[in-house]
Amino acid sequence: MSAPRFLLAVLSLSLAACSSRTAPTFEPLKLADGRVVPAATLSRGHAVYTHYCASCHGERGDGQGPAGRGMRPVPRSFRQGLFKFGGVAAGELPTDDALKRTLRRGLHGTPMFAWDVPESDVEAVVQYLKTFSPRWKEEAPGQPLGVTPDPWKGREAEAVERGRVAYHVSGGGNAGCASCHVAYLPRAELAALMEKSLGRKVDLSKVDPYTAQPRESEHPLEVDAQGEPTLLGKVLPPDFLFHRLRTVWPEGDKVEGTPYTAERQREDLYRVITAGVGGAAMPTWKGAIPEENLWALAYYVQSLARLRDTDEARELKARLRASTMPVQ
């Protein structure tokens with residue numbers, strides 16, 4: 001049996017098993033931000049969750065559904081109250097808008113599809129997700145990190161150049177993204193950029209800035225009988241020349257029924273850069289570096305993503321790996 005057919009068989013069996021059980025009853029859920037979710041909303045959310053989500057995320061919301069086993073990335077455990085793209089600082093509880101955004105769009109390159117369901121069902125399942133973690137009764141969601149006006153509009157080349165510096169250099173208002181992801185400049189050029197920005201020489205002759213290393217995460221691969229993590233997974237920071245970005249689609253695609261433009265793509269990159277990724281090593285950059293550098297990074301990463309999986313990307317990668325430092 002092919003993998004897709006096996007997956008469908010597992011889905012059908014699990015849904016059939018779930019539908020034969022008696023639906024649970026709910027009490028109104030009082031959230032820490034003062035809102036109260038009616039029992040009817042939770043009941044509806046449970047039905048939607050069982051139909052669309054439980055096969056991967058598990059009936060208990062622990063990310064251990066039968067169709068999700070072996071998936072990479074692993075399905076989210078809602079019991080932790082940790083969300084990768086919450087529209088708030090990494091680690092804080094997400095906004096409802098961010099959760100609905102993920103449900104409507106899905107996550108690019110993963111089995112998390114865009115669910116075309118009525119808005120009332122989206123609202124119900126978002127509220128139902130909050131029954132899995134006690135955090136929702138103890139903490140209010142974080143402050144939303146909105147998209148600010150683009151200071152580089154009409155000056156893309158300048159933005160990419162500024163972003164190249166912010167990406168490769170650490171400190172002085174720069175993020176140094178290359179220290180977790182990978183560098184995209186040959187060694188000699190990278191060393192010259194660092195010397196110019198930092199005012200000191202950096203020897204790159206004995207390091208490998210072109211191979212990313214898996215980073216620790218809080219995403220459980222296995223859980224115990226109570227749904228608590230017993231084994232956490234590691235996450236490989238994406239190489240923008242080759243990896244699909246989960247909240248970014250190719251320009252020209254349709255997302256939420258409308259054309260996905262370069263401007264929308266930059267805004268999505270800005271969102272992830274500013275907020276970070278909950279449960280992973282990607283920190284929140286909002287407030288840590290100047291706003292214009294956050295936007296410049298979005299432009300620079302976009303310039304790399306446009307090369308993704310092309311001959312130009314493969315040639316650049318080969319050139320980077322072969323690069324050496326000049327003899328002093």
Side-chain angles (χ1 to χ4, degrees), residues 10-69 71 73-88 92-107 110-142 144 219-220 223 226-229 246-247 256-257 278-279:
V10 171
L11 283 167
S12 299
L13 288 171
S14 59
L15 290 175
C18 292
S19 61
S20 64
R21 298 175 185 171
T22 303
T25 57
F26 294 92
E27 297 294 327
L29 176 64
K30 185 173 183 180
L31 304 174
D33 61 6
R35 291 180 294 166
V36 177
V37 183
T41 300
L42 298 177
S43 180
R44 180 60 192 165
H46 171 264
V48 176
Y49 180 88
T50 301
H51 188 74
Y52 289 105
C53 315
S55 58
C56 290
H57 292 280
E59 288 184 68
R60 300 187 303 171
D62 56 8
Q64 303 292 307
R69 290 169 188 160
M71 283 184 181
V74 295
R76 177 71 41 241
S77 168
F78 301 121
R79 299 172 69 91
Q80 295 175 296
L82 282 175
F83 294 82
K84 295 174 77 173
F85 309 110
V88 295
E92 295 181 336
L93 287 176
T95 65
D96 284 9
D97 285 345
L99 293 173
K100 292 175 183 177
R101 184 184 183 86
T102 298
L103 286 166
R104 292 194 199 98
R105 291 183 163 201
L107 295 176
T110 79
M112 175 64 195
F113 305 122
W115 294 111
D116 184 16
V117 298
E119 184 61 27
S120 59
D121 284 354
V122 172
E123 169 66 20
V125 78
V126 161
Q127 303 310 323
Y128 177 69
L129 297 180
K130 298 173 184 177
T131 65
F132 289 120
S133 171
R135 288 189 67 189
W136 294 96
K137 293 189 286 188
E138 300 163 356
E139 304 172 35
H219 305 316
V223 300
Q226 288 71 46
E228 298 302 319
R246 303 310 182 199
T247 60
E256 292 187 276

Under a 4.5 Å cut-off applied to non-hydrogen side-chain atoms, are [X] and [Y] in contact?
| X | Y | value |
| --- | --- | --- |
| Phe85 | Leu107 | yes |
| Glu27 | Leu42 | no |
| Arg104 | Glu119 | yes |
| Tyr128 | Ser43 | no |
| Leu103 | Val125 | yes |
| Pro220 | Gln80 | yes |
| Arg76 | His219 | yes |
| Arg60 | Val223 | yes |

State which residues pass side-chain hydrogen bond (donor to acceptor under 3.5 Å, both in side chains) with [X]; sequence neighbours excluded, sorted by chain then number.
| X | result |
| --- | --- |
| Arg105 | Glu256, Asp268 |
| Asp116 | none |
| Glu123 | Lys100, Gln127 |
| His46 | none |

Taking every heavy atom of Pro141 against every heavy atom of Pro94, the minimum-distance pair comes out as CB-O, 3.4 Å
On a heavy-atom basis, the closest approach of Pro144 and Thr95 is CG-CG2, 3.8 Å
For residues 40-56, the salt bridge (charged side-chain N to carboxylate O under 4.0 Å, His left out) pairs (sequence neighbours left out) are Arg44-Asp121
Residues pairing under salt bridge (charged side-chain N to carboxylate O under 4.0 Å, His left out) where one sits in residues 31-40, two or more places apart or in two chains, turn out to be Asp33-Arg35, Arg35-Asp96
Separation between OG (Ser133) and CD (Glu139), nearest 0.5 Å, reads 8.0 Å
